[in-house]
K.L.:
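Here it is, the structure in full.
All heavy atoms count here, side chains included; hydrogens, waters and symmetry mates do not.
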Amino acid sequence: MQKLKLLKHAPGAPGLRIFGLGPNFLPTKGFLQLKELLNNHAFWARNRSYKSLRKLLQRSTVVVTLWQNKRLVGFGRATSDQIYRAVLWDIVVADDLQGKGLGKLVIEALLSSPEIKDVERIYLMTTH
């Protein structure tokens with residue numbers, strides 16, 4: 001497996017949301033890749049509009065992406081009041097890389113983020 005890089009974005013993920021930045025602040029069409037990742041690897045998130053994706057990123061407390069070179073292969077986000085409750089949303093790993101512990105990496109990165117690590121309760125939103 002090629003080397004992976006985990007990115008913890010600034011709140012609202014402006015680099016990803018506005019400029020499509022990936023690892024090392026390089027343009028990677030990251031926002032377009034996010035839409036593709038969700039469309040192809042997350043049945044519950046298919047066909048989200050670009051407008052709604054920008055809004056969900058902007059309103060997220062924590063955003064994490066996982067990259068294999070310039071390919072976006074993982075994503076997760078959290079919303080929180082930063083005191084009592086946080087919710088993990090949209091945890092996604094590309095199908096061809098599932099079963100390798102990458103989802104766990106995304107979740108651990110979210111849980112260790114300063115914005116939510118001391119929250120009283122953290123929930124995972126899932127369809128099942």
K.L.:
Does any non-hydrogen side-chain atom of Leu88 lie less than 4.5 Å from one of Leu111?
P.N.:
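Yes, their side chains come closer than 4.5 Å.
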K.L.:
Are Val64 and Val73 connected in a single hydrophobic cluster, I mean Ile/Leu/Val/Met/Phe/Trp/Tyr linked by side-chain heavy atoms less than 4.5 Å apart?
P.N.:
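In one cluster with Val73: Val64, yes.
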K.L.:
Could you go through Tyr84 and Arg121, starting from their C-alpha distance and side-chain angles, then the distance that decides it, and tell me whether this counts as side chain to side chain contact (heavy atoms under 4.5 Å, CB included)?
P.N.:
CA-CA 6 Å; Tyr84 297 108; Arg121 294 209 186 270; over 6 Å; no
K.L.:
Measure the OG1-OH distance between Thr79 and Tyr123 for me, rounded to the nearest 0.5 Å.
P.N.:
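Going from OG1 on Thr79 over to OH on Tyr123, the span is 12.0 Å.
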K.L.:
Gly30 and Leu16: which non-hydrogen atoms are nearest, and at how many Å?
P.N.:
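Result for this residue pair: C-CD1, 3.5 Å.
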K.L.:
Indicate the atoms forming the closest heavy-atom contact of Ile116 with Ala86, along with that distance.
P.N.:
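Shortest heavy-atom contact: CG2-CB, 4.0 Å.
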K.L.:
Give a yes or no on this: more than 12 heavy atoms of other residues, nucleotides or ligands lie within 6.0 Å of atom CZ of Phe43.
P.N.:
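Enclosed: over 12 neighbouring heavy atoms sit under 6.0 Å from CZ of Phe43.
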K.L.:
Are Leu34 and Leu66 co-members of a hydrophobic cluster defined by side-chain heavy atoms under 4.5 Å apart?
P.N.:
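No, Leu66 does not connect to Leu34 through the hydrophobic network.
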K.L.:
Count the heavy atoms belonging to other residues, nucleotides or ligands that lie under 6.0 Å from CD of Gln98, then report whether that count exceeds 12.
P.N.:
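Correct, the count exceeds 12.
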K.L.:
Checking side chain to side chain contact (heavy atoms under 4.5 Å, CB included) for the pair Leu57/Val63: CA distance, chi angles, key distance, verdict?
P.N.:
CA-CA 7 Å; Leu57 287 173; Val63 175; 4.0 Å; yes
K.L.:
To the nearest 0.5 angstrom, please state how far the CG atom of Asp90 sits from the CG atom of Leu56.
P.N.:
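Asp90 CG to Leu56 CG: 6.0 Å, rounded to 0.5 Å.
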K.L.:
Within a strict 4.5 Å, meaning less than it, do heavy atoms of the Leu72 and Thr28 side chains meet?
P.N.:
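No. Closest side-chain heavy atoms not under 4.5 Å.
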K.L.:
Work out which heavy atom in Leu6 is nearest to a heavy atom in Ala109; give both atom names and the distance.
P.N.:
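Closest approach of Leu6 to Ala109, heavy atoms only: CD2-CB, 3.3 Å.
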K.L.:
Is there side-chain contact between Pro23 and Lys5, with heavy atoms separated by less than 4.5 Å?
P.N.:
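A side-chain contact under 4.5 Å exists here.
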K.L.:
If you draw a 6.0 Å radius around CZ in Arg59, do more than 12 non-hydrogen atoms from other residues or ligands fall strictly inside?
P.N.:
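Atom CZ in Arg59 is not crowded, with 12 or fewer foreign heavy atoms closer than 6.0 Å.
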K.L.:
Give, for atom CG of Leu38 and atom CG of Asn47, the distance between the pair rounded to the nearest 0.5 Å.
P.N.:
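Taking CG in Leu38 and CG in Asn47, the distance rounds to 10.5 Å.
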K.L.:
Quick check on the hydrophobic clustering: are Leu37 and Tyr50 connected, directly or via other members, by side-chain heavy-atom contacts under 4.5 Å?
P.N.:
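Same cluster: Leu37 reaches Tyr50 through Ile, Leu, Val, Met, Phe, Trp or Tyr contacts under 4.5 Å.
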K.L.:
What do the steps show when you test Leu4 against Trp67 for side chain to side chain contact (heavy atoms under 4.5 Å, CB included), and what is the final call?
P.N.:
CA-CA 6 Å; Leu4 298 169; Trp67 298 82; over 6 Å; no
K.L.:
Contact between Lys117 and Ile122 at the side-chain level, heavy atoms closer than 4.5 Å - yes or no?
P.N.:
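Result no, sub-4.5 Å side-chain heavy-atom pair not found.
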K.L.:
Nearest heavy-atom pair of Arg71 and Leu97: which atoms, and what distance?
P.N.:
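For Arg71 and Leu97, the tightest heavy-atom pair comes out as NH1-CD1, 4.2 Å.
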K.L.:
Looking at Arg48 and Ala45, what are the two nearest heavy atoms and their distance?
P.N.:
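Residues Arg48 and Ala45, closest heavy atoms: CG-O, 3.4 Å.
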K.L.:
Give the minimum heavy-atom separation between Ser80 and Gln82, together with the two atoms involved.
P.N.:
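Nearest heavy atoms, Ser80 then Gln82: OG-N, 2.7 Å.
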K.L.:
Can you see whether Lys35 engages Ser49 through a side-chain donor-acceptor pair at a distance of less than 3.5 angstrom?
P.N.:
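Lys35 vs Ser49: no donor-acceptor pair found between side chains.
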K.L.:
Please tell me whether Phe31 and Phe19 form a close aromatic pair, meaning their ring centres lie under 6.0 Å apart.
P.N.:
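For Phe31 and Phe19, the ring centres are not under 6.0 Å apart.
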K.L.:
Are any non-hydrogen side-chain atoms of Phe75 and Ile91 less than 4.5 angstrom apart?
P.N.:
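The answer is no, as the side chains (C-beta and beyond) never meet within the 4.5 Å cut-off.
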K.L.:
State the NE2-CZ distance between His9 and Arg17, to the nearest 0.5 angstrom.
P.N.:
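His9 atom NE2 to Arg17 atom CZ measures 11.5 Å (nearest 0.5 Å).
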K.L.:
In the structure I gave you, are the side-chain heavy atoms of Leu110 and Trp89 within less than 4.5 Å of one another anywhere?
P.N.:
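Not touching, per the 4.5 Å side-chain cut-off.
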K.L.:
Could you grab the distance from atom CZ of Arg46 to atom CG of Asn40, nearest 0.5 Å is fine?
P.N.:
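One gets 8.0 Å once the value is rounded to the nearest 0.5 Å.
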K.L.:
With side chains defined as the heavy atoms from C-beta onward, is the minimum distance between Val93 and His41 less than 4.5 Å?
P.N.:
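With C-beta onward as the side chain, the pair stays apart.
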K.L.:
In Å and rounded to the nearest 0.5 Å, what is the CD to CG distance from Gln58 to Leu53?
P.N.:
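Going from the CD atom of Gln58 to the CG atom of Leu53 covers 12.5 Å.
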K.L.:
Quick one: does Lys8's side chain get under 4.5 Å of Ser112's, heavy atoms only?
P.N.:
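Touching, per the 4.5 Å side-chain cut-off.
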